[in-house]
Amino acid sequence: MHTSSMLKKEFLNKWIKGLQICCSSKNKMDLMERKKKIKLSADIAMTSAKKTATSWSNALISEAKKNKQDTILVSQLLGSESPLKLQKSTNRIISIHKRVQCKKILKRSCFNAAKRMMKKKKKNLGISRSNFATTIAKRLVKKRTKVLKRLVPGGESMDEVSLIKEAMDYILSLKVQVDVMMSVVAAAEVLSDDKLLELVE
């Protein structure tokens with residue numbers, strides 16, 4: 001496991017290398033292209049710096065490999081570890097996806113059976129307040145889980161427990177990215193202020 005400062009240093013080195021690769025591949029980029037390249041190089045640099053295969057990192061790598069230009073960046077930043085990372089977790093993702101699909105089918109069939117039973121009970125009794133509160137809470141959890149699955153790369157194929165673990169890991173990685181980027185901006189501002197002072201003198 002990396003310490004935070006080691007991870008930040010490793011990320012910064014990989015990110016700078018990724019930015020250099022992106023800049024050398026194309027001379028003129030508009031603002032949106034630049035933004036995408038900065039984000040892509042930051043994501044790939046983070047997956048490389050972590051040195052552990054996670055579902056979100058493998059989802060980012062496989063998404064980047066769909067574009068020919070981005071494949072060059074991935075292969076140069078990750079080197080020989082890229083196919084290894086993808087192979088290890090691709091099998092895991094497939095098995096998780098199959099497990100999730102099986103769970104969905106089971107839930108659907110159980111839900112339909114429960115729905116039929118609830119219709120019969122509603123006719124006889126009516127819904128109690130605690131049962132109503134539980135239903136609302138379940139709906140809220142379901143909605144928030146859907147949102148989280150969209151936010152975490154590769155989240156669509158994860159079950160709830162894996163999703164939470166991956167989301168926590170992804171959040172920590174994003175925090176490292178933000179910290180490093182803020183440090184780079186602060187350093188750039190100091191450098192530009194120094195140059196401005198030199199021009200005034």
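Computed from a predicted model, the values in this text were never measured in an experiment.
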So does Leu163 get a backbone contact from the side chain of Glu166, meaning a donor-acceptor N/O pair under 3.5 Å? no

Is the side chain of Glu10 donor-acceptor paired with the backbone N or O of Lys50 at a distance under 3.5 Å, no angle test? no

For the residue pair Ser41 and Leu19, what are the closest heavy atoms and their distance? OG-CD2, 3.3 Å

Taking all non-hydrogen atoms of both residues into account, name the closest pair between Pro153 and Met158 and its distance. O-CE, 3.8 Å

Could you list the residues that satisfy side-chain hydrogen bond (donor to acceptor under 3.5 Å, both in side chains) with [X], not counting sequence neighbours?
| X | answer |
| --- | --- |
| Glu63 | Lys66 |
| Trp56 | Thr54, Asp169 |
| Lys138 | none |

Who are the side chain to side chain contact (heavy atoms under 4.5 Å, CB included) partners of [X], not counting sequence neighbours?
| X | result |
| --- | --- |
| Leu40 | Ile44, Ala64, Asp70, Leu73 |
| Ile171 | none |
| Ile16 | Leu12, Gln20 |
| Leu151 | Val147 |

Is there a chain of hydrophobic side chains (I, L, V, M, F, W, Y, each step under 4.5 Å between heavy atoms) that links Val176 to Leu174? yes

Can you name the salt bridge (charged side-chain N to carboxylate O under 4.0 Å, His left out) partners of Lys39, sequence neighbours left out? Asp43

List the steps and the verdict of side-chain contact (heavy atoms from CB on, under 4.5 Å) for Arg34 and Asp30. CA-CA 6 Å; Arg34 246 185 243 153; Asp30 64 3; over 6 Å; no

Would you tabulate the side-chain donor-acceptor contacts of residues 178-188 under 3.5 Å, counting partners in other chains and residues two or more places apart, or write 'none'?
unit_1	atom_1	unit_2	atom_2	d
Asp179	OD2	Lys8	NZ	3.3
Asp179	OD2	Lys175	NZ	3.1
Ser183	OG	Asp179	O	3.0

Distance-only donor-acceptor check, side chains Asp159 and Ser162, under 3.5 Å: yes

Ignoring hydrogens and angles, state whether a donor on the side chain of Thr71 or Lys65 is under 3.5 Å from an acceptor on the partner side chain. no

Give, for atom [atom1] of [X] and atom [atom2] of [Y], the distance between the pair rounded to the nearest 0.5 Å.
| X | Y | atom1 | atom2 | answer |
| --- | --- | --- | --- | --- |
| Met168 | Ser173 | CE | OG | 12.0 Å |
| Arg150 | Glu156 | CZ | CD | 9.0 Å |
| Ile61 | Ser48 | CD1 | OG | 8.0 Å |

For Leu148 and Arg144: C-alpha separation, side-chain torsions, deciding distance, then whether side-chain contact (heavy atoms from CB on, under 4.5 Å) applies. CA-CA 6 Å; Leu148 192 57; Arg144 291 181 179 158; over 6 Å; no

Provide the full list of ring-ring contact (aromatic ring centres under 6.0 Å, His included) pairs with a residue in residues 147-169, sequence neighbours left out, each pair given once. none

Would you list the pairs meeting ring-ring contact (aromatic ring centres under 6.0 Å, His included) in which at least one residue belongs to residues 135-165, sequence neighbours left out? none

Checking one residue: Val190. Which other hydrophobic residues are in its cluster under the side-chain 4.5 Å linking rule? none

Just one of Lys143, Lys149, Lys142 clears the side-chain contact (heavy atoms from CB on, under 4.5 Å) bar with Thr145, so which one? Lys149

